[in-house]
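No experiment lies behind these values; they were computed from the predicted model shown.
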Amino acid sequence: MREKEDNNIEEVIEETQYEETKEDNKSLEDLKTRLKQEKEKSDEYYEHLKRNMAEFDNFKKRITKEKDMMYNTISANIISELLPILDNFDKALNAETADESYKNGIVMIYNQLMETLNKLGVEEIEALNSTFDPNFHEAVMHIEDENYGEKEVTEVFRKGYKIGDKIIRHAMVKVAN
């Protein structure tokens, strides 16, 4: 009888081990399935993150470009309001005066104003003795003169200025031939 009990115990143990193995396998399959689902979710989140990062990078670039354009536009608007003052300084520099200290004061103010404009990126448009370019020059007179080349600027009536690639004011010129 003892043997029979031992056999029964062994059978119960084997059956229990079999059931445990079966449950372990089922648990393992469940875990594998859950792992696969979580991996798919993780991949989806990762792709979403990459798209968002790319969109954010494009947004930053667009905002930077718009900011630069806005800065140049605002600067150009402000500087265009200052250009008549600069023109008057040019006239004052060319005016005859007996008072040298007055003339020196005008030169100092003019130089300071030009230095400030240069720091802001403002450049004078080269016009005199250059070829006429409607992108930079505004022709208000035309002359026929064999001493000058084709479409050569012979005189500048009003200086032109630009900031970067943006024209603030075209140079007003006389063009030959």
Please walk me through it: do Met53 and Asp57 pass side chain to side chain contact (heavy atoms under 4.5 Å, CB included)?
CA-CA 6 Å; Met53 287 176 65; Asp57 191 44; over 6 Å; no

task: For side chain to side chain contact (heavy atoms under 4.5 Å, CB included), just list the numbers for Asn111 and Val107, CA-CA rounded to whole Å, side-chain angles, deciding distance to a tenth of an Å, and then say yes or no.
output: CA-CA 6 Å; Asn111 289 339; Val107 168; 3.4 Å; yes

Query - Worked verdict on Thr154 versus Ile143 for side chain to side chain contact (heavy atoms under 4.5 Å, CB included) - result: CA-CA 9 Å; Thr154 61; Ile143 61 168; 4.0 Å; yes

Decide yes or no on side chain to side chain contact (heavy atoms under 4.5 Å, CB included) for His170 and Arg158, but give the supporting numbers first.
CA-CA 8 Å; His170 292 78; Arg158 186 181 71 193; 5.6 Å; no

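The pair Asp87-Lys159 fails the salt-bridge criterion, with no side-chain N (NZ, NE, NH1 or NH2) lying under 4.0 Å from an Asp/Glu carboxylate O. Note on Glu100 versus Lys103: no salt bridge recorded, every NZ/NE/NH1/NH2 to OD/OE distance being 4.0 Å or above.
Closest of all the heavy-atom pairs between Ile125 and Arg169 is CD1-O, 3.7 Å. Between Ala127 and Ala171, the closest heavy-atom pair is CB-CB, 4.1 Å.
Clustering ILVMFWY residues whenever any of their side-chain heavy atoms sit less than 4.5 angstrom apart, transitively, puts Val153 in a cluster other than the one holding Val140. Leu86 and Leu82 fall within the same hydrophobic cluster, defined by Ile, Leu, Val, Met, Phe, Trp and Tyr side-chain heavy atoms under 4.5 Å apart, directly or through other members. Note: the hydrophobic cluster containing Ile78 also contains Met70 (ILVMFWY, side chain heavy atoms under 4.5 Å, direct or indirect links). With hydrophobic clusters built from ILVMFWY side chains whose heavy atoms lie under 4.5 angstrom apart, Met141 does not share a cluster with Val175. Note on Phe89 and Val122: same hydrophobic cluster, where clusters join Ile, Leu, Val, Met, Phe, Trp and Tyr whose side-chain heavy atoms are under 4.5 Å apart, directly or indirectly.
The CD1 atom of Ile109 sits 14.5 Å away from atom CE of Met114, with the distance rounded to the nearest 0.5 Å. In this structure, NZ in Lys39 is found 10.5 Å from OH in Tyr46, a value given to the nearest 0.5 Å. Rounding to the nearest 0.5 Å places CD of Glu123 at 9.5 Å from CD1 of Ile168. Note that CD1 of Ile79 is 4.5 Å distant from CD1 of Ile163, once rounded to the nearest 0.5 Å. Between the NE2 atom in His137 and the NZ atom in Lys174 there is a gap of 15.5 Å [rounded to 0.5 Å]. Taken from OG1 in Thr97 to CD1 in Ile106, the straight-line distance is 9.0 Å, to the nearest 0.5 Å.
Between the side chains of Asp90 and Tyr110, at least one donor-acceptor pair of N or O atoms lies under 3.5 Å.
Using a 4.5 Å cut-off on side-chain heavy atoms (C-beta onward), Asn129 and Glu152 make contact.
For Glu40, the CD atom sits in a packed shell: over 12 heavy atoms of surrounding residues, nucleotides or ligands are nearer than 6.0 Å. Other residues, nucleotides and ligands contribute only 12 or fewer heavy atoms inside 6.0 Å of the CD atom of Glu146. Surrounding OH of Tyr102 are at most 12 heavy atoms belonging to other residues, nucleotides or ligands under 6.0 Å away.
In this structure, Asn177 contributes its side chain and Gly149 its backbone to a donor-acceptor pair below 3.5 Å. At distances below 3.5 Å, not a single donor-acceptor pair connects side-chain atoms of Thr131 with backbone N or O atoms of Lys151. Side chain of Ser42 to main chain of Glu38: no donor-acceptor pair is present (N/O by atom type, distance under 3.5 Å, no hydrogens or angles).
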